[in-house]
Amino acid sequence: MIFQRSNPTYFTGPGTMDVIIHQCLILPVYLGGETDDKVVEENVKKLKITFEVYEARLAKFKYLAGDFFSLADLSHFPIAHYLLATPHASLLEGLDH
C-alpha cells in the first residue's frame with residue numbers, strides 16, 4: 001500500500017469517503033441517525049481533491065501504483081461500491097480514468 005501511504009489525501013482515511021458513507025448510509029439507514037450535511041459537504045470537497053490526484057496519476061500510469069494492477073487499485077473497489085449507495089454516487093461519474 002505504498003501508493004496509499006504516500007497519497008496525502010488518502011481515499012479512505014479520516015475525513016474522506018468513509019465519512020461520507022457513514023453519514024449518508026450507515027448512520028441514517030442502520031443506526032437511525034440523521035445525516036450532518038455540513039460534514040458531508042466538507043468531505044465531498046476533500047474527496048474531489050483526492051480524485052484530482054488520482055486522475056493526474058492515472059494520466060501517467062495505467063494503474064495507481066504503476067503499469068501493473070495491484071492492491072492499490074483493488075483496495076478501492078469495496079469502498080467505492082458503498083459510495084454508489086449514497087446520494088453522492090455521481091462523484092464517480094465523469095472521471096476520465
Side-chain angles (χ1 to χ4, degrees):
M1 302 293 181
I2 294 169
F3 174 78
Q4 290 179 332
R5 278 189 247 137
S6 67
N7 179 0
T9 54
Y10 191 45
F11 193 67
T12 60
T16 53
M17 189 172 295
D18 61 335
V19 174
I20 296 168
I21 292 167
H22 181 78
Q23 286 289 327
C24 295
L25 181 64
I26 297 171
L27 189 62
V29 174
Y30 298 107
L31 301 177
E34 292 185 24
T35 299
D36 185 333
D37 293 327
K38 183 179 178 185
V39 170
V40 172
E41 288 309 313
E42 289 172 2
N43 287 286
V44 164
K45 289 177 187 177
K46 291 177 186 178
L47 186 57
K48 286 179 181 179
I49 293 169
T50 298
F51 285 152
E52 289 174 12
V53 170
Y54 283 18
E55 286 293 307
R57 177 82 181 163
L58 291 168
K60 296 177 185 176
F61 299 97
K62 189 172 181 179
Y63 300 101
L64 290 175
D67 290 325
F68 53 91
F69 188 76
S70 70
L71 286 175
D73 305 287
L74 190 60
S75 67
H76 290 77
F77 285 104
I79 195 93
H81 174 76
Y82 287 110
L83 182 68
L84 293 173
T86 74
H88 301 285
S90 63
L91 289 170
L92 295 173
E93 297 172 2
L95 298 174
D96 291 335
H97 301 95

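Note that the numbering runs from 1 along the sequence shown for the chain.
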Residues 24-37, side-chain donor-acceptor partners within the protein, below 3.5 Å, at least two apart:
| from | atom 1 | to | atom 2 | distance (Å) |
| --- | --- | --- | --- | --- |
| Thr35 | OG1 | Gln23 | O | 2.6 |
| Asp36 | OD1 | Lys38 | N | 3.1 |
| Asp36 | OD1 | Val39 | N | 3.3 |

What's the separation between atom [atom1] in [X] and atom [atom2] in [Y], rounded to the nearest 0.5 Å?
| X | Y | atom1 | atom2 | result |
| --- | --- | --- | --- | --- |
| Tyr54 | Asp73 | OH | CG | 9.5 Å |
| Thr16 | Ile21 | OG1 | CD1 | 9.0 Å |
| Thr50 | Lys48 | OG1 | NZ | 12.0 Å |

Atom pairs and distances, donor-acceptor, side-chain atoms in residues 84-97, under 3.5 Å, two or more places apart:
| from | atom 1 | to | atom 2 | distance (Å) |
| --- | --- | --- | --- | --- |
| Thr86 | OG1 | Leu83 | O | 2.8 |
| Thr86 | OG1 | His88 | N | 3.1 |
| His97 | ND1 | Glu55 | OE1 | 3.0 |

List in chain and number order the residues that pass ring-ring contact (aromatic ring centres under 6.0 Å, His included) with Tyr63, two or more places apart in sequence or in another chain; answer none if no residue qualifies.
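Scan of Tyr63 (ring-ring contact (aromatic ring centres under 6.0 Å, His included), adjacent residues dropped) gives Phe69.
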
Distance-only, no hydrogens or angles: does the Asp67 side chain make a donor-acceptor pair with backbone N or O of Lys62 under 3.5 Å?
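Yes; at least one donor-acceptor contact below 3.5 Å.
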
Under a 4.5 Å side-chain heavy-atom rule over Ile, Leu, Val, Met, Phe, Trp and Tyr, are Phe77 and Leu71 clustered together?
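Linked, Phe77 and Leu71 end up in one cluster.
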
